[in-house]
Amino acid sequence: MSSVALSNIETDKQTNAAARINPERVKALFPIFRNNELTRNLSYLDNAATSQKPEMVMQAMDDAMRLFHSPVNRGFYPLAEQTTTRYEQARERLKSFIGAATHRSVIFTASATDSINQVAQGFLLPRLKPGQNVWVTRMEHHSNYLPWQHVCEKSGASLRIIELNSTGELDLDRHPDIFSDTTAMIALTQTSNVLGTTNDVKAICEQAKQKHIPTLIDAAQAVVSNTINVQQLGCDFLVFSAHKMFAPTGIGILYIAPDRLDQVQPLRLGGGMVDFCADSIADTTWSEAPHRFEAGSPNLVGAIGFAAACDFVESLGQANIKMHIGELASSLYQQLSHYPNLHLVSPAKHLSSGIVSFYHDVIHAHDLAQIMGDSGVAVRAGHHCAQPLLRHLGVSSTLRISISVYNTNDDISAVVNALEHAEKVFA
Ligand SMILES: Cc1ncc(COP(=O)(O)O)c(C=O)c1O
């Protein structure tokens, strides 16, 4: 990361352990909050859906287009060689960001969704048998639910769901057969996009490994405020999207553990992923990973922005981010708990994810979100692509506040004021 941006991110470094984020200074790094009538005074609290982008990410992407744009992995002239180098440097950046052992394990995809589909169909489906189980959790996003449901349907295997206990956490004890010989795969989220619950994915991966059960971790909501180290986690696959961590949409990561690389069939076939294209597919040979999983012209500009976002997140520090968003979430939670018609569904213990979800007895979540929107507070209402979870909660929609590095106490007050206003409108 550039020292310019670092010096702008005001942190109170009184101790080495933690530095306090100054959200006003951080917010100044995000052009959207000063460039636009709609956003200048906006309390943007829909960060679990997608985050805003800092200047340094835009600058890196702009440079990629202005200064070194040309084909990746396809040209022999100096500009093309430089472009390929920059693209591979972006991969190296992601490799260090997630603690992968080799760049071969780091695959650029279109999104977390795309990554999960690649694993479900390219790894699991060819080996999945009737009678086997694939385990997900009750709190999965549809992206980590439907691809497994689909491959189970196709193969005659069963999709099993790890249920939640009364405190919104995984009830592993209820399912003694999770780590059994019939389990073909465990795929779970690190942090729920609705509840904010963060699961002990390391413990689950460790137990699964003892039984040689492959694991996939959906880190889409966890990656901004948790340092990820795939080797320490011991997962087989890990996925996330760039756009939830201050980088653009259209690019994500699929981590495949080195010993699984040769067990995954590429789903997307095309240019740049074969060593030898024979007349018959039987004689065609794939390139080495990661290229065999990246058919077509890669998303160069996205990858450059993604790498810059890794610098941004690490310069703030995931532990500092967690502290900041956790404190604001706790303050909000505490204030909301005084409203008798309001039901908080996020567990108080898991507020460090920065997610606070609730529903109101009288006001539908959509109406509440609309009133908040009109008051300059951007929040999300609906099922959050987590209908299996909402069925468990017994509601069709919740309102979700999701906090990021540029949010302040004023944003929290704006939510509470907008809620007061909505209650008066509906009184
Ligand atoms: C936990 C979780 N997993 C997966 C996804 C899917 O991410 P994308 O739409 O970027 O593929 C989301 C998006 O909200 C999410 O919150």
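These figures come from a predicted structure and were not determined experimentally. Below, each value reflects all heavy atoms present in this structure, side chains not excepted, and no hydrogens, waters or symmetry copies. Counting starts at 1 for both ligands and their atoms, following the listed order.
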Under 4.0 Å to a heavy atom of [X] - the qualifying atoms of ligand 1, by number:
{"X": "Ala220", "answer": "2 (C), 3 (N), 4 (C), 15 (C)"}
{"X": "Ser111", "answer": "11 (O)"}
{"X": "Asn193", "answer": "16 (O)"}
{"X": "Ala112", "answer": "7 (O), 11 (O)"}

Closest protein heavy atom to [atom], given as residue, atom name and distance to 0.1 Å:
{"atom": "atom 13 (C) of ligand 1", "answer": "Lys244 NZ, 2.7 Å"}
{"atom": "atom 16 (O) of ligand 1", "answer": "Gln221 NE2, 2.7 Å"}
{"atom": "atom 10 (O) of ligand 1", "answer": "Ser241 OG, 2.6 Å"}
{"atom": "atom 11 (O) of ligand 1", "answer": "Thr113 OG1, 2.5 Å"}

Taking distance alone, with N or O pairs closer than 3.5 Å, would you say [X] contacts ligand 1?
{"X": "His141", "value": "yes"}
{"X": "Asp218", "value": "yes"}
{"X": "Thr189", "value": "no"}

#### Entry: For ligand 1, the portion of His243 having any non-hydrogen atom under 4.0 Å away
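Side chain only; the backbone of His243 stays clear of ligand 1.
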#### Entry: Carboxylate-amine/guanidinium proximity below 4.0 Å for Arg93 and Glu314
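Looking at Arg93 and Glu314, the cut-off is met.
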Looking at the rings of [X] and [Y], which for Trp means the six-membered one, are their centres under 6.0 Å apart?
{"X": "Phe237", "Y": "Tyr255", "result": "no"}
{"X": "His360", "Y": "His343", "result": "no"}
{"X": "His291", "Y": "Trp286", "result": "no"}
{"X": "Phe97", "Y": "Phe306", "result": "no"}

With side chains defined as the heavy atoms from C-beta onward, is the minimum distance between [X] and [Y] less than 4.5 Å?
{"X": "Pro126", "Y": "Gln265", "value": "yes"}
{"X": "Tyr406", "Y": "Asn47", "value": "yes"}
{"X": "Met61", "Y": "Pro248", "value": "yes"}

